[in-house]
Structure formats: structure tokens, C-alpha cells
There are 2 protein chains.
Amino acid sequence: MNNQQAIKEKPAIKDKPVIKAKQVTNRGEEDYIKAIYKLSDEAEGDRVTNHQLVTYFAHTAQTVNEMVRKLEKKKILVYQPYKGSLLTALGKDEAVRLIRAHRIWETFLTEKLGYAWEEVHEEAEMLEHLTSSKLADKLYAFLGAPTVCPHGNYIPVLSDMNRDDLDTCGRLKLSKAKKGKQYCLKGVVDDKALLVYLNGLAIYIDLCFTIIERDLISDIVTLAYGGRNTSLSGAVAQKLFVCEVYDAEDNT
Amino acid sequence: MNNQQAIKEKPAIKDKPVIKAKQVTNRGEEDYIKAIYKLSDEAEGDRVTNHQLVTYFAHTAQTVNEMVRKLEKKKILVYQPYKGSLLTALGKDEAVRLIRAHRIWETFLTEKLGYAWEEVHEEAEMLEHLTSSKLADKLYAFLGAPTVCPHGNYIPVLSDMNRDDLDTCGRLKLSKAKKGKQYCLKGVVDDKALLVYLNGLAIYIDLCFTIIERDLISDIVTLAYGGRNTSLSGAVAQKLFVCEVYDAEDNT
DNA sequence: ATATATTTTAAGGTTAACCATAAAAATTCA
DNA sequence: TGAATTTTTATGGTTAACCTTAAAATATAT
Ligand SMILES: [Mn+2]
Ligand SMILES: [Mn+2]
Ligand SMILES: [Mn+2]
Ligand SMILES: [Mn+2]
């Protein structure tokens, strides 16, 4: 209905249809991979049970089973009924890639755009799925190759791909810290309610404090910092990662 | 099956399930909105026919019809069979919001991450759908409130929301330019093949040139710039937007 | 060793976004 | 004013990612 129908020569420059998103894995699958990677830290034998995924995602057992079986077919994990799932090397690479992208975005949003640390997780949770290695690497370089995200968690690099202790390395859960010693906060679990709670207590990454009380019966840790004392439940203390401070400096 | 089942007190800080992506419109719909907005520039009476969408997306007529009817139900457009679709005010706002996000991302990718201008469209095409107004505004401020994207197209701001001439304002298609006059390239259609082609010809935004030949029979424009002459087809010239340069400066 | 509880899976459903085939309706052209 | 062409729409499919209900398999605890 227009000019050139017989003159069809070179692949001329013409209006191209919008590109189709054709990814290998999609958001649903990718979030399962990350979840299994994360949950396998705590679980015995590193296996992640379907039940863990049911509670983590608030999906039905049926849905979890379907997803797990699908990822199994894709060689991303090995699944044993009643035992749980174990990521393959392929699956771990995927997980680390996603966690890397996630933390890079979180760093970008806080460092460059001025987001608060409790605001970045949701955004990163979406952006991570659209992040090619190229984009991740360019962003990472732009940020100056940061080692940690705003919550103090390590941003993995390629050489970390198969390290299993990504989230602990060198750090200690505050719940395992000892009375009388001094610690520095180096990481927190990225949970919005927790982050807002910590804001209210003026607790942030790199804060140093002394443990002045450790009540093992009520499971309460009491910290002293900035001229105040704060008591935290064991549940919260389990979500804070610290390093011991050896040189006893003044930190009022 | 664990510690506190009777002690259910405050909304305690516990593991939250991963957030669910709950957007009002999704990628498919959003790309239709943008397409209708873009195509309505050229179309008569601003209406966009289903046929235009069929060729634009390379979707079937059936699919286009379904999407159009769905968007109609959502009050995003008004559709008249055999006539075409017209965006409502709501639809236009959506379109401009998306175009704004798209161009902001493109600017970020080139200005901050060093992407080439032909590499950014696909990335932006995905990122735009995950961009809240908050994110768009923060990115925009971070970029220093740029007026144009890497392809020279205007980045709309809120006050532009209902302007219809977003993509022309003040500029002229090179295909309409006159022999002997001098012009400055101010914008190009964001088409990858075109961008790569222009790279090869050392043609970029803000290049100034003189039209030394305008062959209306063969539909060819010949430009002189940087000590060279280049001939472009009318099809290409239609995708370049220029401003006339009045002060005849030296630009060899 | 059973009974109970938990976990898995079978069977079938929903919605979104696509597809194909073909009938119906409107437009355009001679 | 037909006849040819184009546009729309009715019907029915597919896949991905969720769901419910309920049966089957396994684990655990007495
Ligand atoms: Mn996070
Ligand atoms: Mn995610
Ligand atoms: Mn673009
Ligand atoms: Mn898009």
C-alpha cells in the first residue's frame, strides 16, 4: 500500500517492531533460585525444603513443588523428595549473579540517588531481573567497585562465584557476641521493618558499641553506644552481623 | 513448630515473604500505550489504526484487537472500529510517563555508564516499566535535569504532560530542509540500525552541515560537513530532526 | 508397629499475553 | 451498485505462574 514493493533491495532501514523480551529465566524462577541460595545457609546439609520455600514466598505447596520440579528439569538444582533442593554449580552462578545485581542496584540507589536504606530492596528486587552482566559491570565500575551494599552485605565478584560463605565471611551474628566486648556493626539483614526499627534506634552500619548485658534466659542483648543503652531481642540480634573491635577506642 | 505460638504479641520483626509485583499496567499494555502515543503523531486525526499496531509490533490482528479492547475497558483509550484508537487524558499521561522514564534511562546509560547511543534503547525499553515516579525524578535530578536523551529527543517534564508536539517542538525533518541552507542535527529516531549507520558516517547530535543537493526525483539529500559530502535517502532524512543555523559560522 | 502429622503430587482451574483459523462486517474500487 | 479487499471478531489454543481440593506417600512419635 505504499511506495516500494518491487524495489525490495538491501535490508533497508525501516521501522522495526519493538523487541521482545526473551530471557532464559524469568522473575519467578530467578526469585526461587535466590531464595534457595539464601535459605541454604541456615538449613542443615545445605538442602532447602519445599516447606521453607512455602513460608518464604507464601506460595502453596503445589506451586513450590511445580517450580522446584521445573528448575530441576533445567539443571539448576537437584531435588530429593522429603529432603529438599540443592543448587547445582549452574544454579549457584545464577544466584550469585542475581545477588550481585541486587546489591549493586541498592548501592546505586542509596549512594547516587539518595534513597534511604529501607527503601531500596523492593526496587532492587525488580531491577535485578533486567540486569545483564554488561549493565551490572558498568554500574559496578561507576560506583567505584564497592565491596558492600547499603546493608553491609558483600557484593560478590566473579571470583566469589563458588564461595559458600558469602554472607558470613569474617562476621559474627550479634546474637553470638559476648558481654563486655566491643563490636562494630558490619551488616544487617535487608528487611524493611528491621531497617526502620534500626533507624529509630540510631543504629547503622559501622556503629561501634559495647555489649553491657547478655540475658540468655530472656534472650536479650543490651548495647551501649552514643551515650545510650539499647536492648534488642535475640531475634533481632540474629539479623545483625558484627566484627569484634580490639583496640578499645572511645566511642561515646 | 517453633518457639512462639502462644506469645503472639506485636507485629514482630520476622522473615517477610518476597514482595509481589503488583502494578496497575504491565509491560505488554504499557508498550501498547507508548506505541499508540508515538504513532498518533503521523496518523490522520491522531487516530491509530489496529493495522498500524499490527505492523509496529508484528502481532496478529487478533492480539491487537484484544489489547485495544482491554485498554478501552481501562479508560486508557477510545476505540472506534475501522477508525482507530485515541488516547484519553489518562492514556496520554501514562505514555508521557513512560517516554520520560525511557529517555531518562537512556541518558543515564550513556552519560554515566558509557553506553553507545545505539545500545541503550533495548535496556531502556525494559527499565521504563519498573520506574516509579520517585525513581524517575531522582534519576532525573541526578543527571542534572537534562532536556534531551542521547538521540536528541526531549525528556518531557510534568508540565509537558498534555503537549502534543513533544517530538517535533521547534525542529524540522531533514527531509523538509532546503538546499543551500545550514542546519544543526538536533534529534534522530531511536532505531538501532539507523544509529549504527550514522556512526559510520560520523553523524551525531549537534553536528552542523550544509545541504548542497536536494534531489526530489530520487529523493536524496546531500550534506557537506567535516570536509566530506554524504548522501542520504529520503527515508533516512525523515528520521533526522534539525534546526536551521542562521549565523553562518565556519564548520569544516 | 501403628497412628498421626507432614510432605508430595494428581487433577483441574484462573489470568495474561500471545497464537491460528475462519466467519462477519465495513470500506473501497470499478 | 456490486465485487474485491480490508478490518474486525468469534472460537479455540498455548504457556507461564499462580491457585484449590484432595489423595497418596513418607516421616515421626507413642
Ligand atoms: Mn535487598
Ligand atoms: Mn527479585
Ligand atoms: Mn529509545
Ligand atoms: Mn518497553
Side-chain angles (χ1 to χ4, degrees), chain A residues 1-2 5 17-36 39 43-45 47-74 76-86 125-126 129-130, chain B residues 1-2 5 17-36 39 43-45 47-74 76-86 125-126 129-130:
Chain A
M1 60 287 285
N2 48 18
Q5 56 243 89
V18 168
I19 45 109
K20 322 230 170 191
K22 186 61 154 295
Q23 287 159 255
V24 192
T25 51
N26 17 37
R27 185 172 180 183
E29 291 176 22
E30 289 183 346
D31 281 339
Y32 267 77
I33 295 170
K34 276 206 319 174
I36 293 167
L39 292 170
E44 85 294 337
R47 280 213 210 76
V48 177
T49 66
N50 284 6
H51 179 69
Q52 284 179 287
L53 294 168
V54 163
T55 58
Y56 184 79
F57 284 114
H59 284 174
T60 61
Q62 180 62 359
T63 295
V64 166
N65 194 50
E66 284 167 12
M67 290 298 267
V68 163
R69 290 303 195 173
K70 179 166 26 152
L71 293 175
E72 192 189 27
K73 230 167 250 158
K74 290 195 177 183
I76 280 164
L77 54 79
V78 175
Y79 172 63
Q80 264 196 282
Y82 300 95
K83 299 294 175 182
S85 298
L86 201 58
E125 199 60 43
M126 310 175 73
H129 304 288
L130 303 186
Chain B
M1 62 288 286
N2 49 18
Q5 54 244 90
V18 168
I19 46 111
K20 323 230 168 188
K22 185 63 154 297
Q23 287 159 256
V24 192
T25 51
N26 16 37
R27 185 171 179 182
E29 292 175 20
E30 288 183 347
D31 281 338
Y32 268 75
I33 295 171
K34 276 207 318 175
I36 293 167
L39 293 170
E44 84 296 336
R47 279 215 210 74
V48 177
T49 66
N50 284 5
H51 179 69
Q52 284 178 285
L53 293 167
V54 163
T55 57
Y56 185 78
F57 284 114
H59 284 175
T60 61
Q62 179 62 0
T63 296
V64 166
N65 195 49
E66 284 168 10
M67 290 297 269
V68 163
R69 290 303 196 173
K70 188 186 352 173
L71 293 174
E72 193 190 26
K73 229 167 252 160
K74 292 195 177 185
I76 280 164
L77 54 80
V78 174
Y79 173 64
Q80 264 196 282
Y82 301 93
K83 299 296 175 180
S85 298
L86 199 59
E125 200 58 44
M126 310 174 72
H129 304 288
L130 303 186

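We name chains A, B, ... by the order of the sequence lines, and we start the count at 1 in each one.
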- Would you mind telling me which residue lines up with the more 5' stretch of DNA chain C, B/Gly28 or A/Asn50, judged by nearest nucleotide?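 This one resolves to A/Asn50.
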
Can you check the [X] [atom1] to [N] [atom2] distance for me, whole Å?
{"X": "A/Phe57", "N": "D/dC19", "atom1": "CZ", "atom2": "P", "answer": "11 Å"}
{"X": "B/Met67", "N": "C/dC19", "atom1": "CE", "atom2": "P", "answer": "10 Å"}
{"X": "B/His51", "N": "C/dA26", "atom1": "NE2", "atom2": "C1'", "answer": "16 Å"}
{"X": "B/Glu66", "N": "C/dA20", "atom1": "CD", "atom2": "P", "answer": "12 Å"}
{"X": "A/Gln80", "N": "C/dT7", "atom1": "CD", "atom2": "P", "answer": "16 Å"}

- Message: The criterion is side-chain contact (heavy atoms from CB on, under 4.5 Å); which residues satisfy it with B/Glu66, sequence neighbours excluded?
- Response: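 With neighbours one apart ignored, the set is B/Gln62.
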
Between [X] and [N], does any side-chain N or O lie under 4.0 Å from OP1 or OP2?
{"X": "A/Arg69", "N": "C/dT8", "value": "no"}
{"X": "A/Thr60", "N": "D/dC19", "value": "yes"}
{"X": "A/Tyr79", "N": "C/dT8", "value": "yes"}

- Query: Atom CG of B/Leu39 and atom NZ of B/Lys34: how far apart are they, to the nearest 0.5 Å?
  - Reply: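 NZ of B/Lys34 is found 11.5 Å from CG of B/Leu39.
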
- Message: Distance check, rounded to the nearest 0.5 Å: A/Met67 atom CE versus A/His59 atom NE2?
- Response: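 The CE atom of A/Met67 sits 7.5 Å away from the NE2 atom of A/His59.
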
Among the nucleotides [options], which one has an atom lying closest to any side-chain atom of [X]?
{"X": "B/Tyr82", "options": "D/dC18, D/dT7, C/dT8", "result": "D/dT7"}
{"X": "A/Asn65", "options": "C/dT9, C/dC19, C/dG12", "result": "C/dT9"}
{"X": "A/Gln62", "options": "C/dT7, D/dC19, C/dT8", "result": "D/dC19"}
{"X": "B/Pro81", "options": "C/dC19, D/dC19, D/dT8", "result": "D/dT8"}

- Take A/Gln52 and A/Arg47 through the side-chain contact (heavy atoms from CB on, under 4.5 Å) test and state the conclusion after the steps. CA-CA 10 Å; A/Gln52 284 179 287; A/Arg47 280 213 210 76; over 6 Å; no

- For B/Ala61 and A/Thr63, take the nucleotide of DNA chain D holding the closest heavy atom to each; which residue's nucleotide lies nearer the 5' end?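 The answer here is B/Ala61.
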
- With side-chain contact (heavy atoms from CB on, under 4.5 Å) as the test, would you mind laying out the steps for B/Tyr32 and B/Val48 before giving the verdict? CA-CA 11 Å; B/Tyr32 268 75; B/Val48 177; over 6 Å; no

